[in-house]
Each structure stands twice: as C-alpha cells, then as structure tokens.
Amino acid sequence: MKGFSNNSSIVEDSNLPTEANGMHSDICKGKSKVDVSYEYSNCTLLSEKGIHHDDDSSSEAYNQEMIEREGYNYINGHHPSTSDSTEKVSSSQQNDGMNAIERLSAMISSYPTKRPTGRVVSIIERSPRRDGIVGFLNVNQWFNYKGGSRKDAKKNRSSLSVPDREYIQLTPTHPKYPKMVVLVKDLPDSIKKRLEEGDATIEMELVAARIDEWNEESPFPQAHVLHVFGRGGEVEPQINAILYENAICCSGFSPESLSCLPCVPWEVPQEELLSRKDLRNFCIFTIDPSTATDLDDALSIERLSDGISRVGVHIADVSYFVLPGTALDIEAQVRSTSVYMLQRKIPMLPVLLSEEVGSLNPGVDRLAFSIFWDLNSAGDVVDRWIGRTVIRSCCKLSYEHAQDIIDGKFDVESSNTLGEGWPQLYGQFEWSDVVRSIKSLYEVSKILKDKRFTDGALRLENSKPVFLFDEYGTPYDSVLSGREDLNFLFEEFMLLANKTAAEVIARAFPDSALLRRHPAPNMRKLREFEAFCSKHGLQLDTSSSGQFHQSLEQAREKLKDDYVLFDILINYATRPMQLASYFCSGDFKDDTDWGHYALAFPVYTHFTSPLRRYPDLVVHRTLNAALEAEKLYWKHRRMLPKNNHREGVRGRFLTGIFYDKDAAESLEGREALSVAALKYGVPCADILVNVATHCNDRKLACRNVKDACVKLYMWILLKKKEVLLSEARVLALGPRFMTIYIEKLAIERRIYYDEVEGLIVEWLETTSTLVLSLCAHKRSFKRGGPGNYRALEEVALVVRPNDLKEEHGMFGGSVNKCFTTDANAKRQCSGSSSNSGVDPGVFPLTIPLLSTIPVALNAIGGGDGPLEIGVRLYMSSYMR
C-alpha cells in the first residue's frame with residue numbers, strides 16, 4: 001500500500017527513526033570513469049553456484065566470491081533438509097575474540113551511560129561512500145592563485161596553464177566529509193577548457209567525484225571528478241546528485257530484462273485458471289493514492305455465521321512473471337526497491353509489469369497471492385487459507401474516497417453513475433457492496449489495532465510536512481500531515497499478512513527464511529530520553545515496548561493542549577530506536593533474536609509489496625515452495641498403505657493455523673520441502689545472507705534519497721518565498737546557541753548568538769533562561785582575539801514596528817520594511833508576513849526553555865554551496 005509515509009513500509013518503517021545502524025554494502029557503486037549518462041554499474045548478489053547443496057564438494061564454491069556480474073544460475077542438485085544445520089568450525093582465535101566481545105558487552109551493560117572509545121589501527125575495507133562524493137569545485141581560489149582576480153584571469157589566459165601537480169579544492173555537500181583536493185590535470189576535458197577560458201561559473205555547478213587516496217601525511221584526501229551534474233541551484237542537477245550519492249540505478253532496463261516480460265495484450269493462461277482458486281466473483285477492490293499506478297494489494301471481506309469475518313488480502317503475484325535467475329530477476333535484485341522522490345519514482349520493475357500486467361488494475365483478470373483469515377469478534381484468527389488465486393478488482397478507490405465512506409459522507413443512492421471524481425465500478429457489484437465492505441473492514445481493523453497494542457506494540461509517529469505543488473511541479477506551500485482512520489485500516493491487514501507469511505516460511509525453512517527484525521532500542525540513548533522526560537515532569541516506563549507505548553499515550557493525554565510539545569516528544573522518542581533490517585533466519589539460531597520490537601511480533605517479514613520490494617518477491621517464492629511441499633507430502637502419503645497413515649495430520653500442515661511439526665520434520669516432509677525449494681528458487685542460507693545485506697543497504701539508500709528530496713523541496717519552497725515566518729519551540733539553551741523545533745516544517749535547527757555585533761547575551765544558569773538585548777554602540781572587533789563580530793542580520797531579521805504595513809505576501813500577509821543596510825535582508829523583509837499569524841519579538845527578549853519564539857527561515861546555498869535552511873530570530877526594534 002502506497003501513500004501514507006510511503007506506507008507500505010507501514011508502522012515498522014514509518015515509525016522508526018532515520019538514524020543508521022552501520023549497515024553498508026559495497027555491492028552497487030558508480031562507474032569509475034566519466035560517463036555523460038553516468039549509468040550506475042549493474043551489480044548482482046547471488047552466486048553462480050545454485051541454491052542449497054548436500055554434498056561437501058559444494059563448500060568450495062562458497063569460498064569463492066559470492067558477488068559476480070553474471071548473477072546466479074540454478075543447478076540440478078538436491079535441496080538439503082531444512083532441519084539439518086551446518087556446524088561452523090571456530091578457531092581458538094575466534095573463541096578469544098568472542099570472549100573479548102562478551103567482556104566488552106558486560107562492561108557496557110554495567111555502565112550504560114559510558115561510551116567505549118577506540119583507536120583506528122587499520123582500514124579493512126574501503127567504504128563505498130568514497131565512490132559517491134558530490135560537491136563544488138572552489139575554482140575562484142585557483143583563479144586568484146593563478147592570476148589574481150577573476151577579472152584578470154580572462155586577460156592573462158597564458159597564466160592559466162596547468163602544471164602537473166596543481167590542485168583545486170573540492171567542498172563536499174555532505175557536512176561529514178572533509179574538504180578534498182583534485183588534480184587539475186585529471187579534470188574532465190570540458191572543465192579544463194572552461195578553466196582555461198576563465199569561466200568562474202564552474203564554481204556554481206555540482207560535480208561527482210571519487211576519493212582515490214588519503215595518505216597519512218596529507219590532511220586532505222585526493223579525489224578526481226567523474227561528472228558534472230549542472231547548476232547547484234536547479235532541481236534536476238540536485239536530484240541527479242542525490243541519486244548518484246546513494247548509488248541508485250536510474251538507467252533504463254536492459255534488453256535482456258525486457259525480453260523476460262510477457263507479450264501484450266496479456267490474458268490469464270488457461271492452466272492458471274485451472275490451478276488457482278477463482279475469486280473473480282468476490283467483491284475485491286484496491287485503495288491507493290489517487291496518483292498511484294502500481295497497485296500491488298487489494299482487500300475483501302465476507303460476514304460468516306457466528307460473528308466470524310473472513311478477511312482477504314490479495315497481493316499481486318509478481319513471482320509468476322519474475323522467475324529466479326533470469327535477467328529480469330537479477331536486475332530487480334540490484335535495484336532491490338522502487339525509489340520515491342515526491343514528484344517521480346524509479347521503479348524496481350519495468351512499467352509493463354509494475355503498472356500493467358502485474359498491477360491489480362480494476363476490471364481485468366489478474367494473478368494474485370491471497371491470504372484469508374477467519375476472525376472472531378475478539379480479533380483472534382480461528383482459521384486461515386493461503387494460496388494462489390485469480391482476482392478481478394471491481395474498482396480503484398483513492399484514500400479520499402475511502403475516508404469519505406468511513407466518515408459517512410458518501411451517498412450510496414446517488415453514486416451509481418460516474419462523476420464527482422468517483423471511479424468506475426466494474427462487474428456485478430453495486431456501490432452499496434463496496435461501502436458495506438469498507439465499513440466492515442474498518443470495524444475489524446479497529447479490533448485488530450486494539451488487540452495489537454494490548455499485546456505490546458509501540459507506535460511512534462508524528463506530523464510530517466507535505467508539499468503542495470503547482471502544475472509545473474514546483475512547491476508553493478507545505479502543510480503538516482496527520483494519519484486518518486483509513487491509514488490504520490490498511491495498516492492492520494498488511495501487518496497481519498506480513499506476520500502470517502513470516503510464520504509460514506519460518507516453519508518451512510527455519511534456516512533459510514528471509515525475515516525482518518527490529519532490535520531493542522539503544523540503551524544509552526533511551527536513558528537520555530528518560531532523563532529528558534523526567535526533567536519536564538513526564539513519567540516514562542521503557543521496560544518493554546508495550547509499557548513504552550502506554551507511557552507515551554499517557555503523555556499524549558497530559559499534553560493534549562500542547563500538540564507541538566508532544567510532536568517534539570515523539571521525535572525524541574524515535575532517536576533511541578534502531579533500524580529494522582532483513583536477515584536470514586539461519587544467521588540467528590536463537591529465534592528469540594527474530595522479534596520485531598516496535599510491532600511486538602515474534603516473527604515478521606515483508607510480503608505485501610512485491611512490485612516495489614525485492615524481499616517480498618523472495619518471500620513469495622518461499623511461500624510457493626511451502627504450498628508445493630504440502631502437496632508433494634500428501635501425494636506421497638496417499639501412495640502409502642492406509643495402515644501407515646498417521647491420524648490427525650492436516651493437509652495444510654505448514655500454511656494452516658495449526659503447525660504439524662512431526663510432518664514437517666519427517667523424512668517425507670523434508671524431501672518435499674527440498675524439492676519444492678529447488679523448483680521455486682528458494683536461496684540457500686549463504687546466498688540469502690548476501691541478499692538481505694544488499695536489500696538493507698538499498699532500503700537505507702532509498703530512505704536517504706527520500707529525506708534528501710524532502711530537504712530539497714523544502715529549500716526550493718523557501719527560495720521561492722525568500723523568507724518564511726514561523727513559530728519555533730526552544731528545545732535547548734546555552735550561552736552560545738539555542739536548539740529550536742520549527743513546527744511548520746517539522747525540523748530542528750540551531751541559532752548561534754555569541755559574538756554578534758550590537759547584541760548582548762545574558763545566560764542565567766540557575767533558571768536556564770536566556771536574555772538577548774541590543775546595545776547602542778557598535779563593536780567591530782573581538783576583544784579576546786582576531787576577527788570581526790558577526791553582523792546582527794546573520795542572527796535576526798529585525799523590522800521597525802511603525803513600518804509594518806499590510807500587503808499580501810507569502811501567506812496573504814504583509815510587507816515588513818527593515819532598517820538594515822543588507823540588501824538581501826531588505827529583500828527578504830519585503831516578503832515577510834505578519835498576517836501569517838507570526839508577530840515579531842521585541843528586545844530585550846527573555847527566552848526560557850520550551851518557550852515559543854518567532855523565527856524567519858530562508859534558503860542558503862545552491863549556486864554557491866550546499867543546500868541549507870537558514871533560521872534567524874524574527875524581531876522588531878526602533879534601535880536598528
């Protein structure tokens with residue numbers, strides 16, 4: 001399900017923090033040469049050496065490199081018993097290492113507030129990030145060095161000849177990277193030509209670079225430029241740079257991959273109609289954002305007797321089209337996920353598959369993987385069925401349509417004709433059938449939600465900015481989004497489907513199931529959050545995820561009149577959380593390590609979005625293997641004499657609600673699972689570890705792209721407005737700077753106010769209060785050392801009270817005339833707005849902790865440096 005926080009990640013992703021836990025991979029990198037199209041190298045994950053192997057000779061294959069460009073081919077071999085586990089030989093050195101780790105872990109547990117320190121002694125592996133540096137070339141420094149001013153540069157072109165060892169400094173856009181040096185002789189010819197012509201506009205362009213070396217003697221790493229994206233103040237170069245930084249494969253699909261697609265027009269083959277359950281007469285529908293084109297999930301519901309509701313989740317059967325080991329499968333592995341960038345997306349699969357034959361479009365027959373649950377009035381699953389189906393969706397609803405139905409705003413009597421923005425209805429169904437189904441699903445979802453939180457789940461979510469775009473794709477405003485009842489409706493059923501799929505594949509393949517885990521929070525950061533809450537009179541119990549949730553709900557009630565502070569609280573609560581990650585079940589022999597902390601599920605995976613997530617495709621194949629193993633097992637049992645049949649063994653011993661462990665671990669069961677795994681291409685544990693690692697890396701990269709795009713569009717919005725007035729909440733105070741939370745954009749920033757011309761700073765330690773005042777005399781130089789004081793305009797946007805005149809500005813506001821000699825500040829003042837509801841502060845300004853202050857935001861950088869969002873105090877004074 002797309003749309004709510006790209007919601008198919010649903011709670012377990014959208015509620016988790018953005019802090020990385022060190023996951024990385026060097027599987028996919030940019031090209032090592034200058035390429036105008038800068039396509040990223042195709043990389044594969046799985047070995048050429050097949051799936052599972054029984055024979056010892058295959059161990060040599062696993063000692064070879066697991067990552068090869070040709071991908072992997074399946075060989076004819078025996079899939080090993082899933083109950084067998086290979087013992088790993090550990091050396092005495094490994095035991096010593098484990099003992100050292102255990103001692104260190106014990107010390108950390110004993111002193112959770114202390115952080116261990118260490119010293120770098122060697123570099124084991126080169127970071128893939130060194131291949132994806134984006135920044136600006138400081139050519140003006142080079143011009144000044146070569147021939148004085150830029151004006152003289154054009155007159156003295158002979159002075160711009162380049163010796164072999166001359167460097168130009170490169171400033172990365174990422175603040176964590178150091179400045180670098182680039183050999184001028186190694187620059188692309190296009191840049192060298194512009195340098196010789198004295199073209200100083202090179203400094204305004206984003207470039208891609210790679211670190212070549214960083215000697216111990218050098219304070220700066222040496223890099224070389226691979227590509228020029230374009231002007232840093234424009235959207236398209238910034239988007240391309242973001243994709244490059246995160247090694248996103250944005251080239252088209254290869255001809256080999258496209259040759260794997262079905263011919264169009266496509267219809268469901270007759271053999272699939274015969275082998276699958278036919279659900280085309282069921283009232284099934286999709287609900288997605290109005291702009292969604294890849295529809296990978298649908299819902300249905302039936303009311304049975306005795307208060308039982310039969311809910312169905314129907315997922316696009318992508319595994320039918322993407323076969324293991326094909327060129328299309330290998331390319332999907334490399335991409336791993338679709339990448340969403342607010343105004344565009346890069347799909348994991350070709351459009352023909354993701355938006356047409358594989359998408360659950362209304363009014364056409366489509367292949368699906370379905371799960372049905374029989375749920376009682378308490379939300380307990382009393383029975384379930386899993387299998388491959390054929391469905392025909394009766395309509396494509398938008399979120400707005402479904403929310404109107406839930407809210408009772410939809411008039412069934414007048415809805416049978418098209419119009420008013422409502423979708424076409426297909427088949428024999430009436431709108432009353434759809435309305436009844438949605439309302440029934442909503443009632444069941446509320447029961448499931450209450451049950452989940454009673455069982456210990458944790459919800460961490462706060463408001464996020466949503467941008468409003470004009471017809472040209474330019475943001476003109478932003479609003480804070482909340483979650484509607486509809487979001488929770490789908491969330492519950494998607495979570496239940498993912499949990500059910502995880503239970504089945506973990507039963508069937510306990511050593512080679514692709515699962516998803518979420519570890520407990522970072523204890524040190526959790527203690528810091530507890531201290532923050534205690535300081536502000538909030539009680540917090542973090543002994544379990546359930547108790548954590550209850551504490552936050554109590555805080556929500558206590559802060560019901562201060563939703564901004566609660567948003568801040570939730571934002572802080574996410575920081576101790578660790579990232580959820582994919583893993584191979586064989587990597588964690590103790591299944592207590594499989595759990596998902598936030599969801600309070602003992603086992604979990606991703607199943608519901610195979611059109612845009614590769615792990616879901618792997619899970620589909622594993623589920624297919626489990627279904628096939630059940631059929632093979634019972635086919636074998638029916639061939640035995642009747643007196644050999646064991647009573648009480650059910651047909652669905654893996655996929656049903658009751659797990660028959662004896663059947664699964666019997667000789668016949670293990671053989672059936674082995675054959676089925678080979679048929680459907682279930683990767684062995686060694687290969688699956690690589691798949692999980694790469695998918696984690698790509699998912700984190702996708703998140704980084706999304707976050708960077710949010711920042712980019714936020715910057716564009718501010719650039720267009722020139723200045724944006726907002727209220728901010730003070731989170732931290734000190735004698736040098738304050739940390740604030742800006743509600744409108746849901747971001748944190750710092751304001752530094754030390755050593756500012758004409759500004760007096762008084763810090764009252766005992767009360768944690770700051771007082772800012774203006775002084776009449778000006779100071780140009782610091783007393784304690786060299787350098788100038790910063791100008792007041794860098795810290796505050798100051799307006800004259802009697803010059804505030806009403807005029808439509810950014811939000812239908814007013815023009816504020818500023819007493820300042822700074823032309824930029826005057827221009828920014830002319831766009832500010834008092835009618836936006838933000839009044840300027842006055843000097844002297846007293847600022848206690850958690851107080852609300854007016855601020856002015858503006859865009860910084862772009863054409864002359866990294867994109868930044870500047871923030872200053874918004875003040876009024878007669879003295880300036």
Side-chain angles (χ1 to χ4, degrees), residues 4-7 9-21 112-113 115 449 452-465 480-483 487-488 491 495 516-581 595-601 604 700 703 706-707 710 728-732 739-743 745-750 849-850:
F4 41 100
S5 303
N6 210 10
N7 260 354
S9 309
I10 316 226
V11 163
E12 62 105 14
D13 281 333
S14 62
N15 291 343
L16 297 183
T18 58
E19 181 163 327
N21 63 352
T113 60
R115 302 181 69 174
K449 176 187 170 186
R452 186 163 60 86
F453 286 112
T454 300
D455 291 343
L458 168 66
R459 185 176 73 200
L460 295 175
E461 58 188 24
N462 52 8
S463 301
K464 295 178 176 63
L480 291 180
S481 69
R483 301 191 71 197
N487 301 148
F488 296 106
E491 180 175 270
L495 290 175
R516 188 161 175 83
R517 66 188 292 264
H518 179 214
N522 179 292
M523 290 305 297
R524 180 183 60 82
K525 294 182 180 180
L526 193 60
R527 296 292 173 260
E528 291 174 356
F529 177 60
E530 289 175 343
F532 173 83
C533 291
S534 177
K535 183 177 181 179
H536 298 292
L538 299 172
Q539 299 300 316
L540 197 65
D541 182 354
T542 59
S543 58
S544 68
S545 57
Q547 291 300 318
F548 199 172
H549 175 76
Q550 292 302 320
S551 296
L552 292 176
E553 289 302 299
Q554 292 168 9
R556 184 195 299 271
E557 181 63 25
K558 187 173 181 178
L559 299 174
K560 60 184 178 182
D561 296 327
D562 192 350
Y563 67 92
V564 176
L565 182 55
F566 184 73
D567 268 358
I568 294 170
L569 184 73
I570 294 298
N571 185 38
Y572 276 31
T574 62
R575 297 182 183 185
M577 299 297 156
Q578 302 189 66
L579 283 178
S581 60
H596 197 293
Y597 175 82
L599 297 176
F601 288 162
Y604 188 71
L700 184 59
R703 165 177 265 171
K706 185 177 179 181
D707 291 344
V710 168
R729 187 65 66 89
V730 178
L731 303 181
T739 303
I740 60 173
Y741 175 79
I742 302 157
E743 174 194 351
L745 300 180
I747 58 174
E748 284 188 23
R749 283 296 181 270
R750 282 184 176 181
L849 198 62
L850 293 183

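- Between the side chain of His518 and the main chain of Ala598, a donor-acceptor pair closer than 3.5 Å is present.
- Under a 4.0 Å N-O distance rule, the pair Glu491/Arg452 qualifies as a salt bridge.
- The two residues Met577 and Leu458 come nearest to each other via the heavy atoms CE-CD2, 3.6 Å.
- Leu460 and Ile570 make their closest contact through C-CG2, 4.1 Å (heavy atoms, listed as atom of the first residue, atom of the second, distance).
- Nearest approach of Met523 to Arg527, heavy atoms of both residues: CE-NH2, 2.6 Å.
- At distances below 3.5 Å, not a single donor-acceptor pair connects side-chain atoms of Thr739 with backbone N or O atoms of Leu731.
- Residue Tyr741 holds its OH atom at 9.5 Å from CD1 of Ile747, rounded to the nearest 0.5 Å.
- Side-chain atoms of Lys558 and Asp562, non-hydrogen and from C-beta on, never get closer than 4.5 Å to each other.
- Side-chain atoms of Phe601 and Arg516, non-hydrogen and from C-beta on, never get closer than 4.5 Å to each other.
- With a 4.5 Å cut-off on side-chain heavy atoms, Gln578 and Tyr597 do not count as touching.
- Note that OG1 of Thr454 and CD of Gln550 are 8.0 Å apart. Values are rounded to the nearest 0.5 Å.
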Under the side chain to side chain contact (heavy atoms under 4.5 Å, CB included) criterion, do Glu553 and Glu557 qualify, and how do the steps go? CA-CA 6 Å; Glu553 289 302 299; Glu557 181 63 25; over 6 Å; no

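- Atom NE2 of residue His536 and atom CG of residue Leu569 lie 9.5 Å apart, to the nearest 0.5 angstrom.
- For Pro465 against Leu745, the heavy-atom pair with the smallest separation is CG-O, 3.6 Å.
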Evaluation steps, side chain to side chain contact (heavy atoms under 4.5 Å, CB included), between Lys464 and Val710: CA-CA 10 Å; Lys464 295 178 176 63; Val710 168; over 6 Å; no

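- At a threshold of 4.5 Å between non-hydrogen side-chain atoms, the residues Leu480 and Glu743 count as touching.
- Between Asn571 and Glu748, some side-chain heavy-atom pair lies under the 4.5 Å cut-off.
- Note that the CG atom of Leu526 and the CZ atom of Arg575 stand 13.5 Å from one another [nearest 0.5 Å].
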Could you check Leu850 against Ile568 for side chain to side chain contact (heavy atoms under 4.5 Å, CB included), going step by step and ending with a plain yes or no? CA-CA 10 Å; Leu850 293 183; Ile568 294 170; 5.5 Å; no

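- Expressed to the nearest 0.5 Å, how far CD of Glu530 lies from CG of Asp541 amounts to 8.5 Å.
- Taking both residues in full, the closest heavy atoms of Phe548 and Leu540 are given as CE2-CD1, 3.9 Å, listed atom of the first, atom of the second, then distance.
- Around atom CZ of Phe532, more than 12 heavy atoms belonging to other residues, nucleotides or ligands sit under 6.0 Å away.
- A donor-acceptor pair is defined here as one N or O able to donate and one able to accept, closer than 3.5 Å; no such pair exists between the side chain of Gln539 and the backbone of Ser551.
- Taking every heavy atom of both residues into account, Ala457 and Leu599 meet most closely at CB-O, 3.7 Å.
- Using a cutoff of 4.0 Å between basic side-chain nitrogens and carboxylate oxygens, Asp567 and Arg729 are not scored as salt-bridged.
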